[in-house]
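Since the structure comes first, as C-alpha coordinates, the remarks are kept for the end.
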2 protein chains.
Amino acid sequence: QEAKPRYGLIGQMLAAPGKRDDLVAILTAATGAMPGCLSYVVALDTSNPDAIWITEVWDSKDSHAASLKLPAVRAAIAKARPIIAGFPHSFETRPVAGV
Amino acid sequence: QEAKPRYGLIGQMLAAPGKRDDLVAILTAATGAMPGCLSYVVALDTSNPDAIWITEVWDSKDSHAASLKLPAVRAAIAKARPIIAGFPHSFETRPVAGV
(Lines give C-alpha, C1' and ligand atoms only; values in the text may rest on other atoms or scores of the structure.)
Protein backbone atom coordinates (compact mmCIF):
# COMPACT_ATOMS: atom_id res chain seq x y z
CA GLN A 1 0.00 0.00 0.00
CA GLU A 2 1.80 3.08 -1.26
CA ALA A 3 2.39 5.59 1.53
CA LYS A 4 -0.06 8.51 1.51
CA PRO A 5 1.50 11.76 0.24
CA ARG A 6 2.61 14.14 2.94
CA TYR A 7 0.57 17.30 3.37
CA GLY A 8 2.00 20.77 3.98
CA LEU A 9 0.60 24.21 4.70
CA ILE A 10 2.36 27.58 4.54
CA GLY A 11 0.32 30.52 5.78
CA GLN A 12 0.76 34.14 6.74
CA MET A 13 -1.66 35.22 9.45
CA LEU A 14 -2.30 38.80 10.57
CA ALA A 15 -2.89 39.48 14.26
CA ALA A 16 -5.01 42.41 15.41
CA PRO A 17 -2.65 45.32 16.13
CA GLY A 18 -0.55 44.68 19.23
CA LYS A 19 -1.88 41.12 19.61
CA ARG A 20 0.78 39.13 17.81
CA ASP A 21 2.42 37.75 20.95
CA ASP A 22 -0.96 36.66 22.31
CA LEU A 23 -1.72 34.89 19.01
CA VAL A 24 1.66 33.13 19.01
CA ALA A 25 1.08 31.99 22.61
CA ILE A 26 -2.37 30.55 21.79
CA LEU A 27 -1.12 28.71 18.70
CA THR A 28 1.98 27.37 20.40
CA ALA A 29 0.10 26.06 23.44
CA ALA A 30 -2.49 24.15 21.38
CA THR A 31 -0.27 22.59 18.75
CA GLY A 32 2.07 20.53 20.90
CA ALA A 33 0.80 16.98 20.40
CA MET A 34 -1.29 16.50 17.28
CA PRO A 35 -1.34 12.97 15.79
CA GLY A 36 0.34 12.87 12.36
CA CYS A 37 1.88 16.32 12.70
CA LEU A 38 5.53 16.10 11.64
CA SER A 39 6.30 19.82 11.92
CA TYR A 40 4.43 22.92 13.11
CA VAL A 41 6.60 26.04 13.13
CA VAL A 42 5.31 29.44 14.27
CA ALA A 43 7.50 32.34 13.14
CA LEU A 44 7.37 36.13 13.30
CA ASP A 45 7.31 38.02 10.04
CA THR A 46 10.39 40.25 10.04
CA SER A 47 8.87 43.15 8.11
CA ASN A 48 5.24 43.31 9.33
CA PRO A 49 4.94 43.61 13.15
CA ASP A 50 1.41 42.16 13.10
CA ALA A 51 2.17 39.13 10.91
CA ILE A 52 3.19 35.57 11.66
CA TRP A 53 4.01 32.61 9.45
CA ILE A 54 2.88 29.07 10.19
CA THR A 55 4.53 26.22 8.29
CA GLU A 56 3.10 22.77 8.85
CA VAL A 57 3.96 19.26 7.65
CA TRP A 58 1.55 16.34 8.19
CA ASP A 59 1.92 12.68 7.37
CA SER A 60 -1.35 12.99 5.38
CA LYS A 61 -4.15 15.43 4.56
CA ASP A 62 -6.48 13.26 6.66
CA SER A 63 -4.33 13.76 9.77
CA HIS A 64 -4.53 17.51 9.29
CA ALA A 65 -8.32 17.40 8.87
CA ALA A 66 -8.64 15.23 12.02
CA SER A 67 -6.59 17.73 14.04
CA LEU A 68 -9.23 20.39 13.48
CA LYS A 69 -11.61 18.25 15.55
CA LEU A 70 -9.27 17.95 18.54
CA PRO A 71 -10.74 19.74 21.60
CA ALA A 72 -7.48 21.63 22.28
CA VAL A 73 -7.28 22.82 18.67
CA ARG A 74 -10.96 23.81 18.49
CA ALA A 75 -10.57 25.74 21.74
CA ALA A 76 -7.46 27.49 20.43
CA ILE A 77 -9.17 28.47 17.18
CA ALA A 78 -12.11 29.92 19.12
CA LYS A 79 -9.73 31.77 21.45
CA ALA A 80 -7.60 33.11 18.58
CA ARG A 81 -10.39 34.09 16.20
CA PRO A 82 -11.12 37.50 17.83
CA ILE A 83 -7.47 38.57 17.41
CA ILE A 84 -6.92 37.25 13.90
CA ALA A 85 -7.15 40.09 11.38
CA GLY A 86 -6.63 38.07 8.20
CA PHE A 87 -4.84 35.43 6.14
CA PRO A 88 -2.91 37.30 3.42
CA HIS A 89 -1.16 34.13 2.16
CA SER A 90 -2.06 30.46 2.30
CA PHE A 91 -0.39 27.74 0.23
CA GLU A 92 -0.95 23.98 0.19
CA THR A 93 2.12 21.87 -0.54
CA ARG A 94 3.28 18.31 -0.81
CA PRO A 95 6.48 17.91 1.25
CA VAL A 96 8.89 15.48 -0.41
CA ALA A 97 12.12 15.92 1.53
CA GLY A 98 13.39 17.17 4.84
CA VAL A 99 10.94 15.57 7.23
CA GLN B 1 24.50 35.50 26.82
CA GLU B 2 21.00 35.71 25.34
CA ALA B 3 20.50 33.06 22.67
CA LYS B 4 20.65 34.41 19.09
CA PRO B 5 17.23 34.65 17.40
CA ARG B 6 16.38 31.79 15.12
CA TYR B 7 16.35 32.52 11.40
CA GLY B 8 13.76 31.25 8.96
CA LEU B 9 13.23 31.39 5.22
CA ILE B 10 10.09 30.60 3.21
CA GLY B 11 10.54 30.66 -0.55
CA GLN B 12 8.73 29.61 -3.69
CA MET B 13 11.10 28.62 -6.46
CA LEU B 14 10.15 28.01 -10.10
CA ALA B 15 11.87 25.21 -12.01
CA ALA B 16 12.30 25.38 -15.75
CA PRO B 17 9.39 23.49 -17.38
CA GLY B 18 9.65 19.75 -16.78
CA LYS B 19 12.68 20.15 -14.48
CA ARG B 20 11.02 20.24 -11.06
CA ASP B 21 12.01 16.72 -10.09
CA ASP B 22 15.62 17.38 -11.07
CA LEU B 23 15.62 20.56 -8.97
CA VAL B 24 14.15 18.75 -5.96
CA ALA B 25 16.80 16.03 -6.29
CA ILE B 26 19.67 18.56 -6.39
CA LEU B 27 18.35 20.50 -3.39
CA THR B 28 17.64 17.40 -1.34
CA ALA B 29 21.05 15.85 -1.96
CA ALA B 30 22.96 18.96 -0.94
CA THR B 31 21.05 19.99 2.15
CA GLY B 32 21.45 16.94 4.33
CA ALA B 33 24.04 18.00 6.88
CA MET B 34 24.36 21.75 7.24
CA PRO B 35 25.62 23.04 10.64
CA GLY B 36 22.94 25.02 12.45
CA CYS B 37 20.14 23.94 10.14
CA LEU B 38 17.17 22.87 12.30
CA SER B 39 14.77 22.23 9.42
CA TYR B 40 14.97 22.24 5.61
CA VAL B 41 11.77 21.06 3.94
CA VAL B 42 11.39 20.80 0.16
CA ALA B 43 7.76 20.59 -0.97
CA LEU B 44 5.89 20.53 -4.28
CA ASP B 45 3.45 23.35 -4.97
CA THR B 46 0.05 21.67 -5.45
CA SER B 47 -1.28 24.11 -8.05
CA ASN B 48 1.78 25.03 -10.16
CA PRO B 49 3.55 21.96 -11.64
CA ASP B 50 6.83 23.89 -12.01
CA ALA B 51 6.92 25.33 -8.47
CA ILE B 52 8.44 24.14 -5.22
CA TRP B 53 8.43 25.56 -1.71
CA ILE B 54 11.47 25.55 0.56
CA THR B 55 10.97 26.26 4.27
CA GLU B 56 14.08 26.54 6.37
CA VAL B 57 14.81 27.09 10.06
CA TRP B 58 18.33 27.91 11.26
CA ASP B 59 19.66 28.39 14.76
CA SER B 60 20.93 31.82 13.62
CA LYS B 61 21.26 34.01 10.53
CA ASP B 62 25.03 33.47 10.70
CA SER B 63 24.61 29.71 10.35
CA HIS B 64 22.54 30.23 7.23
CA ALA B 65 25.12 32.61 5.73
CA ALA B 66 27.91 30.13 6.52
CA SER B 67 26.02 27.33 4.76
CA LEU B 68 26.24 29.21 1.48
CA LYS B 69 30.02 28.73 1.61
CA LEU B 70 29.87 24.95 2.06
CA PRO B 71 31.34 23.16 -0.99
CA ALA B 72 28.31 20.85 -1.33
CA VAL B 73 25.89 23.79 -1.18
CA ARG B 74 27.89 25.91 -3.64
CA ALA B 75 28.07 22.97 -6.04
CA ALA B 76 24.32 22.41 -5.74
CA ILE B 77 23.57 26.07 -6.39
CA ALA B 78 25.75 26.02 -9.51
CA LYS B 79 24.11 22.78 -10.66
CA ALA B 80 20.58 24.06 -10.01
CA ARG B 81 20.97 27.56 -11.42
CA PRO B 82 20.40 26.58 -15.10
CA ILE B 83 17.04 24.98 -14.23
CA ILE B 84 15.77 27.68 -11.85
CA ALA B 85 13.28 29.93 -13.63
CA GLY B 86 12.56 32.33 -10.77
CA PHE B 87 11.76 33.12 -7.14
CA PRO B 88 8.15 34.39 -7.04
CA HIS B 89 8.03 34.50 -3.23
CA SER B 90 10.72 34.87 -0.58
CA PHE B 91 10.04 35.72 3.06
CA GLU B 92 12.43 36.04 5.99
CA THR B 93 11.04 35.01 9.37
CA ARG B 94 11.99 34.59 12.99
CA PRO B 95 10.85 31.15 14.18
CA VAL B 96 9.68 31.24 17.79
CA ALA B 97 8.02 27.86 18.32
CA GLY B 98 7.91 24.39 16.92
CA VAL B 99 11.60 23.67 16.43
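Interatomic distance, A:Ile10 CD1 to B:Ile10 CD1, rounded to the nearest 0.5 Å: 6.0 Å. The line from CG of A:Leu44 to CZ of B:Arg6 is 12.5 Å long, rounded to the nearest 0.5 Å. Rounded to the nearest 0.5 Å, atoms CD1 (A:Ile54) and OG1 (B:Thr55) are 13.5 Å apart. In this structure, CG in B:Leu9 is found 11.5 Å from CH2 in A:Trp53, a value given to the nearest 0.5 Å.
For the options A:Gly98, A:Ala51, A:Ala43, A:Gly8, heavy-atom pairs under 4.5 Å to chain B are most numerous at A:Ala43.
Both B:Leu68 and B:Leu23 are part of a single hydrophobic cluster, where members link through side-chain heavy atoms under 4.5 Å apart. Linking Ile, Leu, Val, Met, Phe, Trp and Tyr residues whenever their side-chain heavy atoms come within less than 4.5 Å leaves A:Phe87 and A:Leu14 in two separate clusters. Transitive grouping of hydrophobic side chains (ILVMFWY, heavy atoms separated by less than 4.5 Å) keeps A:Val24 and B:Leu38 in distinct clusters. By the criterion of side-chain heavy atoms lying less than 4.5 angstrom apart, applied directly or through intervening Ile, Leu, Val, Met, Phe, Trp or Tyr residues, B:Trp58 is not grouped with A:Val42; the two fall into different hydrophobic clusters.
A donor-acceptor pair under 3.5 Å links the side-chain atoms of A:Thr46 to the main chain of B:Glu92, judged by distance alone.
Contact record, B:Pro95 with A:Val41: CB-CG1, 4.0 Å, taken as the closest heavy-atom pair.
For B:Val96, the parts lying under 4.5 angstrom from a heavy atom of chain A are both the backbone and the side chain. Only the side chain of B:Phe91 comes within less than 4.5 Å of a heavy atom in chain A; its backbone stays farther off.
For CG of A:Asp21, the number of neighbouring non-hydrogen atoms (other residues, nucleotides, ligands) closer than 6.0 Å is 12 at most.
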